[in-house]
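Inspection log for the structure reproduced underneath, given as structure tokens.
Predicted, not measured: the structure shown is a model, and the values here were computed from it. Side chains are part of it too, since the values below use all heavy atoms of this structure and drop only hydrogens, waters and symmetry mates. So that the names make sense, note that chain A is the first sequence line, chain B the second, and so on, each numbered from 1.
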Number of protein chains: 2
Amino acid sequence: MAQKNRTRFAILGMLAFQPMSGYDIKKIVDNSIAYFWKENYGHIYPMLAELSREGLIKLQGRDRKKETKGGPERKVYAITEQGKKAVKEWLYQPHAAENSRIELLLKLFFGMLVPMEISIAAIERERDAAINILKELKSIRKQAHAGEQNETSLFPLITLSYGEKHYKAVIEWCEETIAFLKKTTKGMKK
Amino acid sequence: MAQKNRTRFAILGMLAFQPMSGYDIKKIVDNSIAYFWKENYGHIYPMLAELSREGLIKLQGRDRKKETKGGPERKVYAITEQGKKAVKEWLYQPHAAENSRIELLLKLFFGMLVPMEISIAAIERERDAAINILKELKSIRKQAHAGEQNETSLFPLITLSYGEKHYKAVIEWCEETIAFLKKTTKGMKK
DNA sequence: ATTCACATGTAAGCCGTTACATGATTCA
DNA sequence: TGAATCATGTAACGGCTTACATGTGAAT
């Protein structure tokens, strides 16, 4: 059976905001939802071609931005009525449970195989990464509040608050866990 | 370039606890780390064969449990010294950043395309799922506290607390977001 | 002169999921 | 008799990542 193919809908959804090129889509993903979604060119460009063949999007035109620094002409795609229908249909459907795989936790689960400092260091790296992402989210929020407020801008804000909540919780857990493991180590050395 | 293949290390790590069959591994994964890691037979059995060929594990014997209800004999694998070395090596390496994809958030990001109730219903489902998982985690914790305490049991406890913290944060976010969206909808209808 | 950003695309290949196949034994 | 559990395995395939290819024009 076919698997998910959510890239398809990520692209359609982005094009529902406004016509864009594949390059634009990648940039928006990286700059606004990277903390919970990633895409790469190797998937985007073939999918744009496929969606185009299926009539869910159409090539609106080729152009070159004024500020641009060269390169080939941009291929700007727009979503069609059919494409809008498809993405809405997807939005109506309840999604299946995520089967996330958190490598950090798997490694910690097997922590008894390595010295404690190795596990602690891994958690410290996680904490630092989370702190950095939280900073980025802060700047995204600043941008969002600077822009105009309307119904459309509402939804990006709630995904943003998910990210903030999540990374704060991660940082908390990291700090508590580091303290706990350090305490335990000291107790064992006595 | 080769991708991650973390199933490999999940299996090796589990076999570092004790010799097991593929069926056992799947059961342990489902019963103790399912909230952050999933595996399936279609991946486990071929991987066991591969690891065996590579000498990282070895077939310790075939048997049948006393309480068992038939079926083919279990193939019990044990990790080898070489296998232990391999899993330790992996544990020492910092892991790359996860590229998680949270479908709920992607759908919410495009929330402007569907009626508000659809988005709210999706968040409610997420909240309910999180509540259920939190219940399961509670029972895992109870089991853990009932068992004997040693260095090995320490690490499963910290992954457990990650799960608890995470799902509590998710529930909080769901409730705040539902309230926020409902308030906004009411404001718009006025 | 070289780096950087722009921009599109293909090829290879692993990872992981799903569906299917098989069959013995226990319990209701 | 039929359902459920135990248990191992294969086949097919899609999704996604990574690496590679190509080239322009602006800025330092």
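- Between A/Lys26 and the phosphate of C/dT8, there is no side-chain N or O to OP1/OP2 separation shorter than 4.0 Å.
- Picking from C/dC6, C/dC15, D/dG9 the nucleotide with the shortest atom distance to the side chain of B/Tyr45 gives D/dG9.
- Here the P atom of nucleotide C/dT17 and the NZ atom of A/Lys4 are 10 Å apart, to the nearest Å.
- We find that OH of B/Tyr77 is positioned 10 Å from C1' of D/dG9, with the value rounded to whole Å.
- Where A/Met47 and A/Tyr41 meet DNA chain D, the nucleotide closest to each residue was compared, and A/Met47 sits on the side nearer the 5' end.
- Computed from coordinates, the A/Glu50 CD to C/dG9 P distance equals 14 Å when rounded to whole Å.
- With respect to B/Arg101 and A/Glu39, a salt bridge is recorded, a charged nitrogen being found less than 4.0 Å from a carboxylate O.
- Here the C1' atom of nucleotide C/dG9 and the CD1 atom of A/Ile11 are 14 Å apart, to the nearest Å.
- Of the candidates C/dT10, D/dC6, C/dG9, the closest approach to any side-chain atom of B/Tyr23 belongs to D/dC6.
- The side chain of B/Asn5 has C/dC15 as its nearest neighbour among C/dC15, D/dA7, D/dC16.
- For B/Glu103 and B/Lys107, the salt-bridge test passes: some basic side-chain N is under 4.0 Å from an acidic carboxylate O.
- Between D/dC16, C/dT17, D/dC6, one nucleotide has an atom nearer to the side chain of B/Asn40 than all others, and that is C/dT17.
- Annotation: ring pair (Phe, Tyr, Trp, His ring centres under 6.0 Å) contacts involving residues 135-168 of chain B, sequence neighbours excluded, comprise A/His166-B/His166, A/Trp173-B/Tyr162.
- Summarising the geometry, the separation between CZ on B/Arg6 and C1' on D/dC16 is reported as 13 Å, rounded to the nearest angstrom.
- Side-chain N/O atoms of A/Thr7 include none lying less than 4.0 angstrom from OP1 or OP2 on D/dG15.
- Along DNA chain D, the nucleotide nearest to A/His43 and the one nearest to B/Asp24 differ in position, and the one closer to the 5' end is contacted by B/Asp24.
- Between A/Arg62 and C/dT8, a side-chain N or O to OP1/OP2 separation shorter than 4.0 Å is absent.
- The CG-P distance, from A/Leu48 to C/dT8, rounds to 9 Å in whole Å.
- The distance between atom NZ of A/Lys38 and atom P of D/dC16, rounded to the nearest whole Å, is 14 Å.
- Look at CG on A/Asp63: it is 14 Å from P on C/dC6, rounded to the nearest Å.
- Each of C/dT8, C/dG16, D/dC16 was ranked by its minimum atom distance to the side chain of A/Arg101; first place goes to C/dG16.
- Comment: A/Arg8 engages A/Glu54 in a salt bridge, judged by a side-chain N to carboxylate O separation of less than 4.0 angstrom.
- Between B/Asn99 and the phosphate of D/dT17, there is a side-chain N or O to OP1/OP2 separation shorter than 4.0 Å.
- With sequence neighbours excluded, the residues forming a ring-ring contact (aromatic ring centres under 6.0 Å, His included) with B/Trp90 are B/Phe9, listed by chain and number.
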